[in-house]
Number of protein chains: 2
Amino acid sequence: MVSSKDVAKHAGVSQTTVSRVLNTPNLVKKPTVDKVMAAIEELHYIPNAHARSLVQNKTNTIALLSGPLHNPFFVDTTAAIVNYANSKGYRVHVQFVNDEKLNEAYTSVVENKVDGVVMSCILLDDPIFEKFEKMDIPFITYNRKHINNKHFVEIDNFQAGILSARHMLELGHKQIAWIGGPSTVSTFKNRYDGFVEGMNTQDLASQYVIQTNTSKQAVKEAFEKLMQLPTPPTAICAATDAIALQTIDEATKAGYRVPADISVVGIDNVDLSKHGSIELTTVGSISEQNLGFLAINELIEMIENKKNSCVKITESVKVFNRKTTKAYQ
Amino acid sequence: MVSSKDVAKHAGVSQTTVSRVLNTPNLVKKPTVDKVMAAIEELHYIPNAHARSLVQNKTNTIALLSGPLHNPFFVDTTAAIVNYANSKGYRVHVQFVNDEKLNEAYTSVVENKVDGVVMSCILLDDPIFEKFEKMDIPFITYNRKHINNKHFVEIDNFQAGILSARHMLELGHKQIAWIGGPSTVSTFKNRYDGFVEGMNTQDLASQYVIQTNTSKQAVKEAFEKLMQLPTPPTAICAATDAIALQTIDEATKAGYRVPADISVVGIDNVDLSKHGSIELTTVGSISEQNLGFLAINELIEMIENKKNSCVKITESVKVFNRKTTKAYQ
DNA sequence: TGCAAAAATGAATACGTAACCATTTTGAAA
DNA sequence: TTTCAAAATGGTTACGTATTCATTTTTGCA
């Protein structure tokens, strides 16, 4: 492999000068720059990023610890994060992490001395949070947050839960179900709390509330359980668009029509929800930019300006009224 | 930052021994191992991957140059590639590349001395191919290929085009349109050639054939152009599921019903096509595993076993008959 | 023309690890 | 015990770059 020493020899200068040509060319005489650049071209020299990282203690690399891509929310955010980071000159280590594997992800992050971490997959009181905090590397969470988080970007999950419930109530539904996820996750906890707040007490029944692990299988079972009830729900509030879409998939395949037989509303307003074949009614951020984009923006700001102040962004939400809910009759 | 020298000092051994404890512990006496491990624990030492890469000339990193995630095909393949690579101990640099930015991607790959490259975004006769080839790093393409490719994984695109055309013919359609992409891309070229092969000459009319750049806007315009024809098509064969889904989205929003008013078939059989609200009829691989998975498997094989023989995998295809096509009447 | 200041260049070193080679310690056979 | 091979450990170096400090060359001005 061709190194800066090879270039130096070829151009008849020192390795130091080669380095200067690439980093501080204004300190080098024009003819020397030309000589060196010619050698670089000729030898197809490209600097070794690892050697540079070693001496500069800066890698131009960001770690993205995302949720799984079968959740369309993470499709949107991953695309936004990777593209923005790349446009700013950062490479992105992507991992699709489940809660158990967070420790491996942590090791990988430290080993590779990334300049920053943007992550979603963390529990409200995950003990690993402290390790990330102590790393002394800028990091930010999006969507989910930890109780002690100083840097996060989220939507107003509590309000989203309220709007979800109210939407169904306003449509005249009485049997309104909730399919959510574990309350160890900030998103699910706050959205559910909002849902409870938004419901009328007489309409809120425990048999209509199901906490799943958000897997395809679990959502399927949740839906079946609900529909086997003596008086099955006429409306389902899903904690996320991913759950809503799973639910609609199951419902459709079980012969129900959405929204004729059952109304479904999600939360997140993922891109896919706008598709003409889906037209998912959902609650989502008022802002055009997705949470991943906001998070990577803040993270790069933190990295480059070394600012250490808290970043706590909570986006306002509204209902996007599309075609998976209708009035109860 | 805590280095192996710090650990060595703390444990009262040499740095060499610390390195051995981590890499070849069987060469170290048990009590010494324990002493060193204790020091590692105590200091929270994690080796610096860049320093290791520098001396070993191996980074345990793979570069993924994928197409954009708004194409569901790349959602499936990205998930498969990242997850499998991680499970094998490789980190993955992800980039969503368009054809113009391939040069930047190349530089990034060389700078970072990745162990291998898995990519989709290449043109049939892209001159950059030679540079990748000369890199002397294992690399493999999936989906698309270059004319000189020695390592690729694809579906039988020609046969897919044939099956797509035949499917519509068998349903009795006469006005059958093609919405594809630029023929500078192997996938589009071969699928279109297959489509032509599968059609009856009297049913193949040039006004029904449109090459787009596969952008949302371009597909929209293509669909509108087709439907403004004196005798608009009753069936559309889309070169990819992404185009098919875009087409259906446009059609739905323009007031057409699919398949009642117009039949649409895709190619790729992406996961999303199975969704109950979509049920896209499509042509796809007989095998369960997606192309990304096959590619990353082969790539890691190439990296670890240094095998250099050609890998040219072309998966057989079949029609997945779902609900976006129906008989012409 | 001479001289100081500025500009340009080079030599040596550090970053943190693995690997190579040298040295010491151990243990088993004679 | 003595001997010697095997096991265990340590000292030194290389990887490729940026940086620090030293040296040489050039420039501007008296």
Side-chain angles (χ1 to χ4, degrees), chain A residues 1-37 39-40 43-61 91 107-115 137, chain B residues 1-37 39-40 43-61 91 107-115 135-137:
Chain A
M1 86 136 298
V2 36
S3 74
S4 58
K5 280 179 191 168
D6 300 324
V7 175
K9 195 173 296 176
H10 198 266
V13 298
S14 70
Q15 181 269 328
T16 309
T17 297
V18 175
S19 176
R20 264 194 285 257
V21 166
L22 292 173
N23 300 297
T24 51
N26 52 317
L27 295 183
V28 184
K29 244 200 316 195
K30 182 68 170 41
T32 312
V33 171
D34 295 343
K35 225 172 22 177
V36 171
M37 288 308 290
I40 286 175
L43 301 180
H44 299 107
Y45 167 70
I46 294 183
N48 182 322
H50 296 100
R52 181 190 293 136
S53 301
L54 201 54
V55 45
Q56 288 194 321
N57 214 28
K58 163 95 162 115
T59 57
N60 292 308
T61 301
R91 283 164 293 281
T107 302
S108 163
V109 159
V110 178
E111 274 181 347
N112 286 280
K113 300 259 164 291
V114 298
D115 294 338
I137 293 176
Chain B
M1 88 134 299
V2 36
S3 74
S4 59
K5 281 179 189 167
D6 300 323
V7 174
K9 195 172 297 176
H10 197 266
V13 299
S14 71
Q15 182 269 328
T16 307
T17 298
V18 175
S19 177
R20 262 192 287 256
V21 166
L22 291 173
N23 299 300
T24 51
N26 52 318
L27 295 183
V28 185
K29 246 202 310 195
K30 182 72 170 40
T32 311
V33 171
D34 294 341
K35 228 172 21 177
V36 171
M37 288 308 289
I40 286 175
L43 300 179
H44 300 108
Y45 167 71
I46 295 181
N48 183 321
H50 297 101
R52 182 189 292 135
S53 300
L54 201 53
V55 47
Q56 288 195 321
N57 215 27
K58 163 96 161 113
T59 57
N60 292 308
T61 301
R91 284 165 293 281
T107 302
S108 162
V109 159
V110 178
E111 275 182 346
N112 286 280
K113 299 260 165 291
V114 298
D115 295 338
M135 261 184 339
D136 199 32
I137 293 176

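Below, chain A is the first sequence line, B the second, and so on; all start at residue 1.
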Euclidean distance, atom CG of residue B/Leu27 to atom P of C/dA19 [Å, nearest integer]: 11 Å
For A/Val13 and B/Lys5, take the nucleotide of DNA chain C holding the closest heavy atom to each; which residue's nucleotide lies nearer the 5' end? A/Val13
Should the heavy atoms of other residues, nucleotides or ligands under 6.0 Å from CG of A/Asp34 be counted, would the total exceed 12? yes
Specify the residue among B/Gly12 and A/Ser3 whose closest nucleotide of DNA chain D lies further upstream toward the 5′ end. B/Gly12
Tell me whether the count of non-hydrogen atoms from other residues, nucleotides or ligands lying under 6.0 Å of NZ in A/Lys5 goes above 12. no
Nearest non-hydrogen partners of B/Val2 and B/Asp6, listed with the distance: CA-OD2, 3.3 Å
I'd like to know whether B/Thr61 forms a side chain to side chain contact (heavy atoms under 4.5 Å, CB included) with B/Asn112, so could you lay out the CA-CA distance, the side-chain angles of the two residues, the decisive distance to 0.1 Å, and finally the verdict. CA-CA 9 Å; B/Thr61 301; B/Asn112 286 280; over 6 Å; no
Show the nearest heavy-atom pair for residues A/Ala39 and A/His10, with the distance to one decimal. CB-ND1, 3.7 Å
Would you say that more than 12 heavy atoms from the other residues, nucleotides or ligands in this model lie under 6.0 Å from the NZ of A/Lys35, or not? yes
On a heavy-atom basis, which atom in B/Asp115 and which in B/Asn60 lie closest, and how many Å separate them? OD2-N, 2.6 Å
note: B/Lys9, atom NZ; C/dG16, atom C1'; distance rounded to Å ~ 14 Å
Nucleotide nearest A/Thr17 (side chain, heavy atoms from C-beta), chosen from C/dT9, C/dA18, C/dG16: C/dT9
Intermediate values then yes/no, side chain to side chain contact (heavy atoms under 4.5 Å, CB included), A/Ile40 and A/Leu22: CA-CA 10 Å; A/Ile40 286 175; A/Leu22 292 173; 3.8 Å; yes
Check if the side chain of A/Gln15 and the base of C/dA11 share a donor-acceptor pair of N or O atoms closer than 3.5 Å. no
Output the residues of residues 43-57 of chain B in contact with DNA chain C, where contact means a heavy atom of the residue under 4.0 Å from an atom of the strand; sort by number or write none. B/Tyr45, B/Pro47, B/Asn48, B/Ala51, B/Arg52, B/Val55, B/Gln56
Detail all sub-3.5 Å separations between protein N/O atoms and N/O atoms belonging to nucleotides 20-28 of chain C.
none

List the atom of B/Ala51, the atom of A/Leu54, and the distance in Å for their closest heavy-atom pair. CB-CD1, 3.8 Å
So does B/Ser19 get a backbone contact from the side chain of B/Ser4, meaning a donor-acceptor N/O pair under 3.5 Å? no
Just the endpoints, please: which first and last nucleotides of DNA chain D, 5' to 3', lie under 4.0 Å from a heavy atom of chain A? D/dG16 to D/dT20
A/Arg91 side chain vs A/Thr59 backbone, donor-acceptor pair below 3.5 Å: yes
